[in-house]
Amino acid sequence: MSSTIRVAVAGASGYAGGETLRLLAAHPLVEVGAVTAHVSAGSALGEHQPHLRSLAHRVIQPTTPEALAGHDVVVLALPHGASGEIAAQLPDDALVLDLGADHRLTDADAWRAFYGSEHAGSWPYGMPELLLTEKAGAGAVARQRDHLTGVKRVAVPGCNVTAVTLGLQPGVAAGLVDPSDIVAVLANGYSGAGRSLKPHLLASEGLGSARPYAVGGTHRHVPEIAQNLRAAGASTVRLSFTPTLVPMARGILATVTAPLADGVAPGTAARSVREAWSEAYEDEPFVHLLPEGQWPSTAMTAGANTALVQVVVDEAAGRVVTVTAVDNLVKGTAGQAVQALNIALGLPETSGLGTEGVAP
């Protein structure tokens, strides 16, 4: 591989593909190669991503294995179910990052139940901060980044999954919460639904309104969250997960609660809980536990590859309450992909990624 890393992006006219291109265009070691799509093939990228001025002149090519071959890295920002077939035709020596769900789940039955098609297989999971139950050393917990160096295939996590997992996993790994009674309620920006023209996604329908969706355990991110929390040490995961579209373009605010584990007294838990979250994230460049009393907002993470977390103990309810904010298109998708790209290729993990949000 040359000193400059050539990256192709499939699905370049969508939100996830566009955000990936925005980050790659500013990456000091990356050259953007082919940009591809299906319906928009043949048109200029600037017609679909006019904010990407340095790439606006590029002509979108059809998404074919031939167009994507010859690159060091291929990013697949395609709809769920569309990545598996084309990924199977890409060279083994290219790093392929799948922003869709096709390769995230290790359980084929769970894939079929939630996605309704045959499972394409599982790839190394691209959440570097995921806590793993095996020990890395005395008093330390291994993290998923240890399994990403040198890999050639990466399944990039779901955006809601990222917010819920990062919010709750320190308590699971430390044995402080009971993962058999987790309740997660999320406020989601509309970009998470993609660019498809659907009536409920029109501004006239969404502005001034909050709308729940995929209620009652039907959201496709449920099995992925459970998979992650089991990796962090949960023996049984029961999750009530309710996302809600709110009138903002991007961002996720995830409020997640779980009971204190047996033997953890509410009156003495606050310090232990604070210490567990602080120790889990004290050395993480992109996951930050906020000072006590400061609560995350989606505005604080807009445009940044950060997950901002706060945690408290509701002593009257005997539950831990954690609130996490992420930009669904950055730390929730494209930023996490670039982070995994950096690790897989042996680059500094923070290359091309920022922690400064855009406000107001």
Side-chain angles (χ1 to χ4, degrees), residues 101 103-115 119 122-147 155 157-158 160-186 216-242 254-266 268-281 287 307 309 311-314 317-324:
H103 301 95
R104 295 173 187 162
L105 297 182
T106 59
D107 186 337
D109 289 337
W111 171 270
R112 285 189 287 268
F114 280 83
Y115 291 89
H119 189 223
S122 60
W123 288 357
Y125 192 66
M127 185 184 291
E129 305 90 354
L130 178 65
L131 301 178
L132 306 176
T133 53
E134 66 262 29
K135 296 297 180 180
V141 177
R143 295 167 196 258
Q144 181 62 18
R145 66 166 49 84
D146 302 331
H147 301 280
N160 295 311
V161 179
T162 298
V164 174
T165 300
L166 295 177
L168 192 63
Q169 66 169 354
V172 173
L176 292 171
V177 302
D178 176 3
S180 69
D181 182 17
I182 301 169
V183 177
V185 179
L186 289 77
T218 62
H219 197 286
R220 290 171 167 178
H221 286 172
V222 169
E224 190 181 342
I225 295 169
Q227 177 176 286
N228 288 353
L229 296 181
R230 286 193 296 269
S235 56
T236 301
V237 178
R238 293 178 60 206
L239 169 66
S240 173
F241 177 86
T242 306
T255 302
V256 185
T257 77
L260 289 165
D262 290 342
V264 181
T268 60
R271 182 172 181 178
S272 297
V273 165
R274 184 79 192 174
E275 288 177 350
W277 265 256
S278 178
E279 290 174 5
Y281 296 135
V287 186
V309 183
V311 63
V312 295
V313 175
D314 183 338
R319 297 179 74 90
V320 168
V321 179
T322 178
V323 179
T324 303

Determine whether a donor-acceptor pair (N or O, by modelled atom type, separation under 3.5 Å) exists between the side chain of [X] and the backbone of [Y].
| X | Y | result |
| --- | --- | --- |
| Glu224 | Thr162 | no |
| Thr322 | Gly167 | yes |
| Arg220 | Phe114 | yes |

Any chance you could measure [X], atom [atom1], to [Y], atom [atom2], to the nearest 0.5 Å?
| X | Y | atom1 | atom2 | value |
| --- | --- | --- | --- | --- |
| Thr218 | Phe241 | OG1 | CZ | 9.5 Å |
| Leu229 | Leu239 | CG | CG | 7.5 Å |
| Ile182 | Ile225 | CD1 | CD1 | 8.5 Å |
| Glu129 | Arg145 | CD | CZ | 5.5 Å |

Nearest non-hydrogen partners of [X] and [Y], listed with the distance:
| X | Y | result |
| --- | --- | --- |
| Gln169 | Ala232 | CB-CB, 4.3 Å |
| Arg230 | Val237 | CG-CG2, 4.0 Å |
| Leu105 | Ala110 | CD1-C, 4.1 Å |
| Ala101 | Tyr115 | CB-OH, 3.2 Å |
| Val177 | Trp277 | CG1-CH2, 4.4 Å |
| Ala184 | Val256 | CB-CG2, 4.0 Å |

Report, one line per pair, each donor and acceptor closer than 3.5 Å where one atom sits in a side chain of residues 258-265; sequence neighbours left out.
none

- Message: Ring-plane angle category for His119 and Trp111, please: parallel below 30°, perpendicular beyond 60°, tilted otherwise.
- Response: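 Geometry flag for Trp111 against His119: tilted rings.
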- Among all residues two or more places apart in sequence or in another chain, which pass the side-chain hydrogen bond (donor to acceptor under 3.5 Å, both in side chains) test with Thr165? Asn228
- Item | Audit row: Val183, Arg319, side-chain contact (heavy atoms from CB on, under 4.5 Å) steps and yes/no | CA-CA 10 Å; Val183 177; Arg319 297 179 74 90; 3.9 Å; yes
- Message: Apply side-chain contact (heavy atoms from CB on, under 4.5 Å) to residues Val311 and Val320 and explain how you reach the verdict.
- Response: CA-CA 7 Å; Val311 63; Val320 168; 3.6 Å; yes
- Side-chain donor-acceptor pair present, Ser180, Arg238, cut-off under 3.5 Å: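 Note: Ser180 and Arg238 side chains miss the donor-acceptor criterion.
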- Message: Please enumerate all residues that pass side-chain contact (heavy atoms from CB on, under 4.5 Å) together with Gln144, with sequence neighbours excluded.
- Response: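 Applying side-chain contact (heavy atoms from CB on, under 4.5 Å) to Gln144 gives Tyr125, Leu130, Leu132, His147, Leu148.
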- Salt bridge or not for Asp109 and Arg112, using N-O below 4.0 Å? yes
